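Below: the structure, in structure tokens.
Given the structure is predicted, the values throughout are model-derived calculations rather than measurements. Remember, it's 1-based here, ligands and their atoms both numbered in the order they're listed.
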Amino acid sequence: MRMSQLFTKTSKTAPSDEMAKNAQLLIQAGYVHKTMAGVYSYTPLGLRVLENIKRIVREEMNAIDSQELIMSSLQRKELWTETGRWSDELVDVWFKSHLQDGTEVGFGWTHEEPIIELLRNYLKSYKDLPISVYQFQNKLRNELRAKSGIMRGREFVMKDMYSVHATREDLDVYYEAVIAAYKRCYDRLGIGQDTYVTFASGGAFTKFSHEFQTICEAGEDYVYLHRGKNIAVNEEVIDDAIVELGVDRSELEKVKTAEVGNIFNFGTQKSEEMKLVFTGEDGQQHYAYMGSYGIGITRVMGVIVEKFADEKGLVWPENIAPFKLQLVAIGERGGELANQLYGTLIKAGVEVLYDDRAERPGVKFADAELMGMPWRVTISDRGVDSGEFELTSRQSGETVTKSYDGLVAFFID
Ligand code: ATP
Ligand code: MG
């Protein structure tokens, strides 16, 4: 991508109406546009990051035999009255509206009820089970506060997955497979080391649900950690959990975290409420066992910004960076050779953001630091003369010099 063609521009200053670092930097660098508080649009740069996060999550969900679908945002009220969750007392984030004929509808803040209604159509016998489906979908939640930038949106992208099983044992096995798959996701996203499987409230069939909590100063949660035993407990359930897990409160360290995922074992509770049944081997009708599993895709993007950014700007881990390198051309002869390198790299499938603008070097370097690609390559007139070109790591700030062929080999091999 040539920067001269990129319609978004960086700005010199952070927006004054944003308190969260993630939103400040993402807006300043041209990754997101603020529509209103808690609502953001993603520009081509921001979309590339989201798609990279989704690609990793998609690969891991496919690997545990889940099938991707996409459901509607508009939802029927009747479904939600089956479980009582149409109630604004029970669910305080509903956006609701009505059709022209007066029929009430809701905008999806989760798809637990709608997926059961969908699967009721297809599920007949135990031979149809297990089923696992997932989607990436914009959820709409009328959140009271929206001060955390993209980490708490009123509209945000969630990966939600639902599994249905004939037996409790089969659900338990799958639930563990999901935990393992989630760990692989967070590892590949670069936040695995700081992400803990956490005992949390909201358990239905089981006493606890499991959250995936990432240590992050900008998070909204507190978790008690036992690093040695690798135990983490959300502060909401700390008293219950201490009894259950047999740990002493004094051994636990309180840390600020962001919830990047949450999984639930519903047992047969939802199926009983909504009559999700199948014919068993015994010819009888049985309630299905169900699990529900979410990852906050846009929140993960915000957490990554918060954790890796420095005083100069964004720092993207290689796996999710929108481009692998920012190629900075300086001077006329530098520009000619940079054109050649750009052509060679993109032909080989390397993602390059090519700063071909007629700007001063200082402006280009500052933008490269703000925008946060893992590598910066500088092709200047001086480099053309000496045959040596700078390769700078955004993360460490270190610069090494390479020959032209050395650069090509570094990115293509
Ligand atoms: P929270 O406690 O942060 O409000 P939640 O428990 O209501 O979240 P879930 O219904 O479990 O959220 O949703 C699954 C995942 O979606 C969460 O683990 C989180 O990563 C993400 N998520 C939830 N609400 C938001 C939001 N308003 N903005 C961005 N991501 C969100
Ligand atoms: Mg949750």
Side-chain angles (χ1 to χ4, degrees), residues 20 22-23 26 32 34-42 46 49-50 53-54 57 61 73 80 83 85 90-95 106-115 134-162 178-179 182-183 185-186 189 191 194-204 206 208-216 218-223 232-237 256-266 270 291-307:
N22 67 80
L26 289 168
V32 306
K34 184 178 190 171
T35 309
M36 63 179 95
V39 184
Y40 299 90
S41 297
Y42 290 75
V49 177
L50 280 187
I53 297 172
K54 284 163 64 177
V57 173
M61 298 308 110
S73 291
W80 292 88
T83 59
R85 293 211 291 177
L90 226 59
V91 175
D92 60 2
V93 292
W94 267 121
F95 281 110
F107 295 96
W109 60 278
T110 175
H111 284 70
E112 280 161 356
E113 276 77 346
I115 193 68
Y134 73 98
Q135 62 177 348
F136 296 97
Q137 216 256 3
N138 276 25
K139 302 291 185 249
L140 294 154
R141 293 189 184 183
N142 201 348
E143 303 274 2
L144 186 60
R145 275 176 286 276
K147 292 184 180 152
S148 298
I150 66 165
M151 289 171 65
R152 180 170 300 283
R154 296 195 165 103
E155 178 170 349
F156 61 96
V157 182
M158 194 200 286
K159 185 284 301 179
D160 43 329
M161 178 165 80
Y162 308 94
V178 174
I179 290 180
Y182 271 37
K183 285 183 179 163
C185 288
Y186 299 119
L189 293 166
I191 55 174
D194 282 343
T195 301
Y196 288 83
V197 184
T198 304
F199 292 93
S201 63
T206 49
F208 301 109
S209 77
H210 290 98
E211 290 172 346
F212 291 77
Q213 292 276 4
T214 308
I215 298 176
C216 179
E220 297 181 4
D221 292 355
Y222 283 100
V223 159
V233 181
N234 191 309
E235 68 170 349
E236 307 167 339
V237 296
K256 195 106 179 277
T257 57
E259 181 195 320
V260 291
N262 200 180
I263 63 174
F264 300 86
N265 181 331
F266 286 139
K270 290 265 171 207
S292 170
Y293 321 87
I295 290 183
I297 299 294
T298 40
R299 182 176 292 177
V300 163
M301 178 170 166
V303 168
I304 289 169
V305 171
E306 294 280 344
K307 287 182 75 70

Exercise for review: May I ask you to identify, for Asn262, whether its side chain, its backbone, both or neither come under 4.0 Å of ligand 1 on a heavy-atom basis?
Suggested key: both
Check your understanding: Can we say Glu220 and Arg145 salt-bridge, meaning some charged N sits less than 4.0 Å from an Asp/Glu carboxylate O?
Key -> no
Point to revise | Top protein contact for atom 22 (N) of ligand 1, by heavy-atom distance | key: Phe156 CE1, 3.5 Å
Exercise for review: Give a yes or no on whether the backbone of Ser201 and the side-chain of Ser209 come within a donor-acceptor separation of less than 3.5 Å.
Suggested key: yes
Review point. Would you say Glu211 contacts ligand 1, with heavy atoms under 4.0 Å as the rule?
Key: no
Review point. Quick one: does Val260 get within less than 4.0 Å of ligand 1, heavy atoms only?
Key: yes
Practice item. Report the relative orientation of the aromatic rings in Tyr186 and Tyr182; use parallel for angles under 30°, tilted for 30 to 60°, perpendicular for over 60°. Key: perpendicular
Practice item. Ignoring hydrogens, just give me the one of Glu236, Lys139, Met158, Arg141 whose non-hydrogen atom is nearest atom 10 (O) of ligand 1. Key: Arg141
Point to revise | Heavy-atom nearest neighbour in the protein, as seen from atom 4 (O) of ligand 1, with distance rounded to 0.1 Å | key: Arg152 NH1, 2.9 Å
Exercise for review: Can you sort out which atoms of ligand 1 are near Gly261, meaning under 4.0 Å from one of its heavy atoms?
Suggested key: 18 (O), 20 (O)
Practice item. Determine yes or no for a side-chain-to-main-chain donor-acceptor pair under 3.5 angstrom, with Lys139 supplying the side chain and Phe107 the backbone. Key: no
Check your understanding: Which of these passes side-chain contact (heavy atoms from CB on, under 4.5 Å) with Asn262: His210, Met158, Glu211?
Key -> Glu211
**Study point:** With Ile179 via side chain to side chain contact (heavy atoms under 4.5 Å, CB included) - residues at least two apart
**Key:** Tyr175, Glu176, Lys183, Val197, Phe212, Ile263
Review point. Angle at the Mg ion (ligand 2) between OD1 of Asn262 and OE2 of Glu259, to 10°?
Key: 110°
Review point. Looking at ligand 1, does any of its N/O atoms fall within less than 3.5 Å of an N/O of Arg299?
Key: yes
Exercise for review: Identify, for atom 6 (O) of ligand 1, the protein heavy atom at the shortest distance, and state residue, atom and that distance.
Suggested key: Glu259 OE2, 3.3 Å
Point to revise | Ionic contact status for Lys256 with Asp221, cut-off 4.0 Å | key: no
Point to revise | Nearest neighbour in protein (non-hydrogen) for atom 15 (C) of ligand 1 | key: Gly296 N, 3.9 Å
Review point. Are the side chain of Arg154 and the backbone of Glu143 linked by a donor-acceptor contact shorter than 3.5 Å?
Key: yes
Practice item. Just let me know how Glu143 lines up against ligand 1, side chain, backbone, both or neither, with a heavy-atom cut-off below 4.0 Å. Key: side chain
Check your understanding: Backbone N or O of Val157 within a donor-acceptor pair of the Thr298 side chain at under 3.5 Å?
Key -> yes
Check your understanding: Are any of the N/O atoms in Gly153 less than 3.5 Å from those in ligand 1?
Key -> yes
